[in-house]
Amino acid sequence: MKVERVKGTRDFLPEEMAKRRWVFERIRETFERYNFHEVLTPTFEYTELFKLRSGEEVVKQLYAFLDKGGRDISLRPDMTSSVARLYVASFQTAPKPIKWYYIANMFRYEEPQSGRFREFWQAGVELIGSDKVEADAEVIALFTESYLATGLEDFTVNIGDRVLLDEFAKMLGVKDDIGLMRLIDKKDKLTKEEFVKALRDIGLSDEGVEKVLSLVEIKGEPNEVLPKAEELFTSEEAKAEIKRLYELVDLLDAYGVSKWIRIDLGIARGFDYYTSVVFEAIAPNDLGIGSIGGGGRYDNLIEVFGGRPTPATGFAIGIERLIPILERKGLIPEVKLRPDVYVIPVGEELGVRKAAIEIVSALRRAGVETDLELTGRKLRKALDYAGRLGVPHVVIVGRKDLESGNVTIRDMETGEQKVVKKEEAVGELMTLLGL
RNA sequence: GCCGGGGUGGUGUAGCCUGGUCAGCACAGGGGACUGUGGAUCCCCUAGCCCGGGUUCAAAUCCCGGCCCCGGCCCCA
């Protein structure tokens, strides 16, 4: 009988936890500066909740099971459904907008591969109750700033638009608009020839193919490519949406994040609930990691969940995709897992052991990260241990010193030792540590 | 769900093709040489062939199935 981890899950060891926590903290601080507030919903919901949003076919991606009461339950595949449920149930009459954030684990029943696990973490926000372009700008600015807060600078936030994509499918008169969008979404993975062939395969005419090729050209600096969009689209609805995009990039300029903003009308980001602006962040890397986060506007979802029609927008940052990139770039600070002081009692006498504990306790209360030798190993081995760990200061508490009320403080770097009164040990160590 | 490559003490590995020495080595861990002074040295100890079945006198080694890991596809909320 062997106990193993469940497929697609991971154990996080102290060193990695410290790094992850550092990343979470940078993101959390940024979210809070934008006045988003943290919420947490249950790890699992009725499977129905997730079906409601995305239809039956999502079930195969869900980590779903029947509980002992026969309830059809799924671990959350993301936070948006739960947040929408919470909003509909209890916050419809709350002052708008609602600005919530979360940092939590999500679950998807998929084959694990690079940057992809069955349990993974996302940090995201939802802004509910504003259909204004200001809300999109606020969210996209925060999205950008969140990456910047982790030290990442080599990335772009690419903005697309579902209204324009839908309009585009209408213009072409294709039946399989989902197929078209999937194809457009993965254009970068194909050569131009393959792309054209695939377009013909779904029934596009030469003219249609030409139009798609012009669409995917609308990619780059907003001020360079948005005029091209104006040429391509003719309907009033599309014109209005393009105007909105112009405003959006203008506002993002005021936020001071234009440097990272690009337009890419080929972005679709899933096919279920986004209704207008969509966006994703891409950071160049050699790890095979694509998007490191994304989001968009979803103005219909609340209604689907039984609420009054309410506009909303949000994003999620994929932690498992971000961290390897940060690590590769050396942006996550090294973490210290050793104590600053290590106290070694020498000998078995109760008095010695208690004296050691008293020093450890006093140091800990004074805010010093302190460890006590707990295995009963001999002084030689204990010093060896402290040396390997890189502990800077060791306190040796032994009967000989204690008889005259003293303990010994050893500097592990130089090997210099100092005998001090037991009562003065804490003060002395604080000075040595510069506290 | 599909495809490719893997799985040997805690970690990293040799052995596998060509079946047959107590499954070797390094690091890590515990103890001792050394009963109050570290990183050295020496000695000892702990600990392994992913699981199940098959072939064989004999399986880590060959065959089948499963599980898991790495990567790709599909899909990506």
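Residue numbering restarts at 1 for every chain, and letters A, B, ... go by the order of the sequence lines. The structure displayed is predicted, hence computed values, not measured ones.
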Exercise for the section: Run through A:Val278, A:Ile261, A:Ile263, A:Ile267 and flag the one making a side-chain contact (heavy atoms from CB on, under 4.5 Å) with A:Asn158. Expected result: A:Ile267
Practice task
Give the rounded distance in Å between these two atoms: CG of A:Asp78 and P of B:C75.
Solution key: 19 Å
Practice task
Looking only at side-chain atoms of A:Glu111, point me to the closest of B:G1, B:C70, B:G38.
Solution key: B:G1
Exercise for the section: Identify the nucleotide, in any strand shown, that forms a Watson-Crick or G-U wobble pair with B:U11, with both distances under 3.5 Å; if there is none, say none. Expected result: B:A26
Practice task
Take atom CD1 of A:Ile289 and atom C1' of B:G72, then tell me their distance rounded to the nearest Å.
Solution key: 15 Å
Problem - Between B:C17 and B:U11 - P atom distance, rounded Å - result: 26 Å
Problem - Same-atom distance (C1') from B:G24 to B:G32, integer angstrom - result: 26 Å
Problem - Pairwise C1' distance, B:G20 and B:A60 [rounded to whole Å] - result: 13 Å
Handout entry: A:Arg321 side-chain proximity, nearest of B:G36, B:G72, B:C76
Key = B:C76
Exercise for the section: Check every atom of B:G32, B:C68, B:G36 against the side chain of A:Lys7 and return the nucleotide holding the closest atom. Expected result: B:C68
Exercise for the section: Please confirm whether any donor atom in the side chain of A:Arg410 sits under 3.5 Å from an acceptor in the base of B:G38, or the reverse. Expected result: yes
Practice task
Take atom CG of A:Asp384 and atom C1' of B:G31, then tell me their distance rounded to the nearest Å.
Solution key: 13 Å
Exercise for the section: Using only heavy-atom distances, decide whether a donor-acceptor pair under 3.5 angstrom links the side-chain of A:Arg116 to the base of B:C75. Expected result: yes
Handout entry: Protein-nucleotide distance (A:Arg118, atom CZ; B:C70, atom C1'), rounded to Å
Key = 15 Å
Problem - Between B:U35 (P) and A:Arg380 (CZ): distance, integer Å - result: 9 Å
Handout entry: Nearest-Å distance for atom pair CG/P, residues A:Leu183 and B:C75
Key = 10 Å
Practice task
With RNA chain B as reference, determine whether A:Val391 or A:Gly376 sits nearer its 5' end, using the nearest nucleotide of each.
Solution key: A:Gly376
Problem - Distance between C1' atoms of B:A47 and B:A58 (Å, rounded) - result: 26 Å
Exercise for the section: Taking only Lys NZ, Arg NE, NH1 and NH2, and the carboxylate oxygens of Asp or Glu, determine whether A:Arg5 and A:Glu119 approach each other closer than 4.0 Å. Expected result: no
Handout entry: Minimum-distance pair of heavy atoms, taken over all atoms of A:Glu348 and A:Arg353
Key = O-NH1, 3.0 Å
Practice task
Answer yes when A:Arg71 and A:Glu45 have at least one side-chain N-carboxylate O distance shorter than 4.0 Å, and no when they do not.
Solution key: no
Fill in the blank from the handout: Winner on side-chain proximity to A:Gln113, out of B:C74, B:U37, B:G31, is B:C74
Practice task
Nearest whole angstrom, please: distance from the P of B:G71 to the CD of A:Glu110.
Solution key: 14 Å
Exercise for the section: Would you mind reporting whether A:Leu213 and A:Val196 have side-chain heavy atoms less than 4.5 Å apart? Expected result: yes
Handout entry: Pair A:Asp136 + A:Arg244: basic N to acidic O under 4.0 Å
Key = yes
Practice task
Starting at atom CG of A:Asp11, determine the distance to atom P of B:U11, rounded to an integer number of angstrom.
Solution key: 12 Å
Exercise for the section: In whole angstrom, give me the gap between the P atoms of B:U21 and B:G53. Expected result: 23 Å
Handout entry: Interatomic distance at C1', B:G15 relative to B:G48, whole Å
Key = 14 Å
